Structures are given as C-alpha cells and as structure tokens.
Amino acid sequence: WCVPLEKTVSVTFPGDVLKNMTDMELAESYLKRFGYMNVQHRSGFQSMVSTSKALMRMQRQMGLEETGTLDKSTVAAMKAPRCGVPDIRS
Amino acid sequence: YQTFEGDLKWDHHDVTYRILNYSPDMEASLIDDAFARAFKVWSDVTPLTFTRLFDGTADIMVSFGKADHGDGYPFDGKDGLLAHAFPPGEGIQGDAHFDDDENWTLGKGAAVKTSFGNAEGALCHFPFSFEGKEYSTCTTEGRSDNLPWCATTADYGRDKKFGFCPSELLYTFDGNSNGKECVFPFVFLGETYEGCTTEGRSDGYRWCSTTENFDKDKKYGFCPNRDTAVIGGNSEGEPCQFPFVFLGKKYDSCTSEGRGDGRLWCATTSDFDADTKWGFCPDRGYSLFLVAAHEFGHALGLDHSNIRDALMYPMYSYVEDFSLHEDDVEGIQYLYVKCYSFNSLHSFPLSSHPGSKTGPDPTPPGPTIPTPGPSDEPEPNTPTTTTTSPTTTHPVDPSQDACQINKFDAITEIDGDLHFFKDGQYWRLSSKTDGGLKGPFSMSERWPALPAVIDTAFEDLVTKKIYFFSGTRFWVYTGQSLLGPRSIDKLGLPSTVEKVEGALQRGKGKVLLFSGENYWRLDVKGQNIDKGYPRFTDIVFGGVPNDAHDVFHFKGHIYFCRDRFYWRMNSRRQVDRVGYVKYDILKC
C-alpha cells in the first residue's frame, strides 16, 4: 500500500569538525558560547539562567519572535554563519 | 549599537594594522585590498586613520587560522563561526582572526585573480566560453603543461583575453621562498611527495617544497587553493572526483546525502566508501571585505548590535552595495567623534539661572546678593523672569523633610538642578553650588496638570521641554504651556509597559526610557522609539539593579536607585559607587 520510505542515512564524515547534534544540544552550546546562559551578579558570582530565559534573550537580540522555545526560526538562526564574539558580555 | 564594557577604545586616532598571513582562497593582493576597504568603512565616518605595518607590532594584528589557533577561542570548521576580534588594547586586544576553514571570496563565488597571460591580472570571468564549451571554473583544457587558466571576458574566442589561475605550479605564498612555485616531487623527512601536503603541520595548511629536497634546503611555501578545490573535510585543496561512489550509489555531482546539515560535498577519489576522502564543494563563500569590516568594528570598540541591517549584527549576510548603517555610524562616532562622546553629551552648560531660556545671561558677571528666606524660591539668584516658572512657588510644608523619605517617586535633573519628587511635592538640589536642598515645593503650583505621583521625568536638552510620566500617560511642559496627557504608546512604547521608571538623556534628542528590566531609546524629535529596542538593562548597564525605580543623570554620572540605595555608574559604564540617596546625595 505504501510507497517505501527512503531511509535517511547519516554518516560521520572523517575530519568533520561539526558533529551531529540534536537541536537541543546545539541550542545549549550556542546559548553558552554566546553568553546568553551565564549571568554575572554584582557580587561577581556567576549563575546560569534558565534555557527559556536565555532563549528569549537570544531571540530578542536576533530580532526573532520571543517565544522562549526552540522553534524553527531560532534553530535556523543558531545554524547561520556568524561572528564568534559573544553577544552578551559577562 | 553597543560598545564593550568600559567603552574600550584606542587612545589615538592613527591606528596601525598588520596582515600576518594570507588565506589560500584568494590572491594576496585581493586580501590586502579587502582589508584596506574594510578599514576605510570606519575611517570614512571618524577621524581615525589606518596605516599598514609590514613588521613589528601593530595595534590590529590580522591573521587567518583554523580550529584551535592559539587564542583559546577555537574556530569550528567550515561555516558556523567565521571570525572574531578582540576589543582595543594591548597584546592580543585589537587583533582580528579569520577562520581559514571558510571559503573566503568577495561574496559571490571564487574571486580568481589571474597571473601572467595577457589580461594584466584581471579576475576570471565565469562562465566563459572556449571552443564551443562553457566553463564555470578554471580549466587545463587546451594546455599541455597542466596549468589551470581562465578567460577574463565572457568569450575567449572573441576577445582572446586570458590569465593563469592560482596553482601551486605557478606560485606559493608566505613561507620562505618569495612565492616560488612548488617543485614536484620533493623529499620531506625521507618521503617523496608528488603534491602539496599537510604532513608535518598541525594547522592543516597545505605546503610544498620549492626545491626538490626540503630536508636539505628547508625552502617551502604554502599552496594556493584552486577554485575547483574542495573546502575542509579531509582533502582540502583536492578537486572533486566525478563520478564517485557513496554507500554503493554513484554520484555525478556534489550531494548533501549522508549529512544532516544539508551541505554539499563530494569525494576526492572515485570511491568514498573505500577511501573516505572528501570535502565540501566550492560555494559562494563569505565576503572577506564584509566580515573584516565587522571584525574591525570590534577591534575599534564596537560590540554586537541587535539591528539586523547593521554591520555589527552578529550574523553574516551578503550585501552587494554595502553602506554603513546609521546604527554603526552612531556607535563608532560615539567612541571616536568628540562632539558625540558620552561625556560631552552630558556636559551641556548648566544654566546658573534655572528657567532662563532666552540665551546667554545678559547680566554681567559678579556676586549675587542672596536674599534670605523661602520667598526666594525657586530662583534665589536671579531677578530675571522665567518661562518655566513664571509664578513664584512657595514651600508648602516646611515640616516635610526629604531626609525622612526612603524612596522618591522620581528623581531627575531639570535646569541643572536635581529634582526629587514625592507625593505632589518636590525638592531641588543645585548641582553647581553647595546651597543644599531646597523645598519642598508644590508640584501643582509649578506644573498644575500633573498628578501627585509621577514615575519619572526628564528635560529634553535641546528644546528644554520637560516630560513627565505617570502610569501609562505622559505630559510635556514647555514653560507653562502643556501638552497632554497622552498615552505612552504614542511614543512607540508597547502596551505591555505599565510605567516608565527612569529616563536618561543620551545625546541630542535621544532619551533612554527604563521600565522593568528593559529600556527603549526614544527619539524625542521624532517622538518614536528607535529600531532595535527594547534592550535588557543589565546587558548594557552591567552591575546595576534590574528593577531600579529611578534612573537619572547627575554631575556626569548615571544613578540607578532601588529603595534607599543608589548605584552610580561613570562615563565608562562602570559602577564606581553604591551608597545611600539620603546621605550621599541629599547630605542628610
């Protein structure tokens, strides 16, 4: 009855720097790398903000809809080529 | 725009730069030109000049590197991170690094500059036709020496204009051989090599010996990438091999099969399954000019902007006819153009005659004769009439002591005096004299339309209009004439804003309005909020409370108040003092 579905094969390419990551892994790494996760307090003590709040900050910075969730446009923005300087200073 | 914490910037205007190495993707003169144009972007709108050094230490050291290139901030292979730069300062500060796992171009595919031939170094014209066939890359067709070439016009048969494309058979770059071509085969550590290699290096750059024995002569250079070469993978510099076999299937062109990221790749041998040699297919690449202009913005002191069209927006996008966005111009001029400096913005002359709006003081300088008593208020030092306060105001309740108030409704500087508002009354503190605190005065006498409780106020430094905010409404007083109340959404503030809690004048006609943990920049003349707002207060004003209920300027500092305390920020946006409003400001 059904047309056979073509199986998507994912290959680990030798020497490839970018590893296959889930969107959530990508998001966490992105939010940390660009300064959205860490918040420095007046005392100098650093703490992590929630992923949802960090996502909202990132979405605001990038001019995306502030949903606080890892939606399609946010993932696309995280995969886009960019400068390596963090967006949020510590 | 944003600047780095402390407004890091060069303390001189004659900034130097040095290009430490080159990318194999583009011919050196194209890279030099891209960098020079990128610096010009900034020198065109500032008094800055950029001078290139060829040795020694420059302010901005520019280099290409791959992955872990020694500064603790590794790149990540092709795409993703493109480059980074450090804010101004000594050592690595000010330096700009470009990821050489990217395909650096002028933004529209390989920029192939020719050598020799008869086109005087012109760029290849792709596609070009040669003997009835169209070519989109350099070719070795028609030659027996295996040198890749291209036409520099669309039709070689008609124009006969051509040049040779970058190849290791023509020249090398960097190294110690003055650009001499590779010699194949060559010997390295006893092994014979027939082509460029990355052996013996940890940075992945392809090199060759420029004599037949490297072990003996130690002469080498780096191989330029051919326009047909793959990027990254494990075969950098090799051409795609078509057809190739991948998972038992034959491919005649680049494919994204097997990859989750959709990027096109090819094998560089005929059988990927057996050899696993591959690389990404050449693409449009990234404009070195655009990325460099962005990075040099960092190297001059600009942080990322959240305006999508600004050069300092963190993501890359190619634009054909580049021009600097006004946000970038404002940012760089804030740092380097004197009349736009933070300090000068807040050093507008404070009138010694509050309320005088008719120009310079017509009275000759000299001692004033103070008249004792509260009836001097509000203008104890001047007999001139004022437009802001033509009626004499009187203290309404001398027993009211500002020192008993822990939290004021609003604090702002009007006519050079700090005004403290609370429940329909206000006090004044002169910023120029040590006359102490005067008041309380009745708000209803001076500004009769205002409610008893206001949330914030500011005086527009250009028009001298005074804006008052209470809840979702605002009033504008020009002398005694009044506009309002109007809804704050007329200013472009979103309907979710319940009140404006602080206001900071920021340059002529710009005021920052604070509410909750956000702030907006109001264009006072245009009566609208600038693009790119709101922003988080704690991101730009690090170290102050997120829930300040008063924000104001006073004597060149910014104050954020919460409860009875204030956080004072200097012009470098450093919190330099935290104290009590009552003791430190009111001198209770």
Side-chain angles (χ1 to χ4, degrees), chain A residues 6-23 25-26 29-47 49 53-54 56-64 66 73-90, chain B residues 2 4-5 67 73-87 97 99 101-102 232-235 246-247 257-261 265 272 276-279 286 291 294-295 298 303-304 306-308 312-317 518 532 534-536 538-539 542-545 567 575 578:
Chain A
E6 209 171 289
K7 197 178 163 196
T8 310
V9 182
S10 188
V11 172
T12 302
F13 285 81
D16 200 351
V17 181
L18 293 173
K19 305 289 177 229
N20 286 327
M21 280 200 265
T22 64
D23 284 350
E25 286 168 337
L26 168 77
S29 135
Y30 188 99
L31 295 172
K32 273 181 200 159
R33 181 194 286 268
F34 296 110
Y36 295 102
M37 287 294 259
N38 287 320
V39 168
Q40 185 144 19
H41 293 268
R42 286 188 298 281
S43 60
F45 145 83
Q46 277 200 341
S47 71
V49 299
K53 190 164 182 190
M56 281 186 75
R57 285 174 170 235
M58 180 262 175
Q59 287 161 339
R60 177 175 294 183
Q61 176 72 18
M62 298 299 172
L64 304 169
E66 294 176 44
S73 56
T74 305
V75 173
M78 287 176 171
K79 287 180 176 171
R82 58 161 292 156
C83 172
V85 174
D87 298 327
I88 308 293
R89 60 183 73 139
S90 71
Chain B
Q2 285 193 71
F4 291 105
E5 189 156 4
Y73 299 93
F75 289 128
D76 57 355
K78 186 169 165 11
D79 302 323
L81 305 181
L82 307 182
H84 57 218
F86 297 84
H97 301 160
D99 183 359
D101 276 326
E102 309 306 341
N234 58 2
S235 304
F246 171 58
L247 298 180
E257 286 296 310
R259 298 194 62 86
D261 55 14
W265 67 279
F272 177 84
T276 62
K277 300 294 280 182
W278 70 285
Y286 297 111
V291 176
H294 174 102
E295 298 308 328
H298 287 312
D303 205 342
H304 282 150
N306 61 357
I307 293 185
R308 197 178 281 262
M312 294 314 293
Y313 188 72
M315 284 182 199
Y316 172 88
S317 61
N518 300 305
R535 295 182 180 178
F536 284 107
D538 64 345
I539 290 173
V544 301
W567 281 253
V575 174
V578 179

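As the structure is a prediction and not an experimental result, all values here were calculated from the model. Numbered from 1 within each chain, the chains take letters A, B, ... in sequence-line order.
- Of the atoms belonging to B/Y73, not a single heavy atom falls under 4.5 Å from chain A.
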Exercise. How far apart are the C-alpha atoms of B/R259 and A/F13, what are their side-chain angles, what is the distance that settles it, and do they pass the side-chain contact (heavy atoms from CB on, under 4.5 Å) test?
Worked result: CA-CA 8 Å; B/R259 298 194 62 86; A/F13 285 81; 3.4 Å; yes
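- Under the 4.0 Å criterion applied to side-chain N and carboxylate O atoms, A/D87 and A/R82 are assigned as salt-bridge partners.
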Problem set entry | Derivation and outcome, side-chain contact (heavy atoms from CB on, under 4.5 Å), residues A/Q61 and A/Y36 | CA-CA 10 Å; A/Q61 176 72 18; A/Y36 295 102; 3.1 Å; yes
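- Proximity to chain A (any heavy atom under 4.5 Å) is restricted, for B/L247, to the side chain, taken from C-beta onward.
- Heavy atoms of B/F86 lying under 4.5 Å from chain A are absent altogether.
- Ranked by heavy-atom pairs under 4.5 Å with chain A, the first of B/V575, B/L82, B/N234 is B/L82.
- Heavy atoms of B/E295 lying under 4.5 Å from chain A belong exclusively to its side chain.
- Residues A/R60 and B/N306 have side chains that never bring a donor and an acceptor to within less than 3.5 angstrom of each other.
- When A/A77, A/P14, A/P86, A/G63 are compared by the number of non-hydrogen pairs under 4.5 Å with chain B, A/P14 comes out ahead.
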Problem set entry | Working for ring pair (Phe, Tyr, Trp, His ring centres under 6.0 Å), residues B/H294 and B/H304 | CA-CA 9 Å; B/H294 174 102; B/H304 282 150; 5.2 Å; yes
For this session: Could you walk me through whether B/Y286 and B/D79 pass the side-chain contact (heavy atoms from CB on, under 4.5 Å) test, one step at a time?
Result: CA-CA 9 Å; B/Y286 297 111; B/D79 302 323; 2.6 Å; yes
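- When heavy atoms are compared at a cutoff of 4.5 Å, B/P74 approaches chain A solely by way of its backbone atoms N, CA, C and O.
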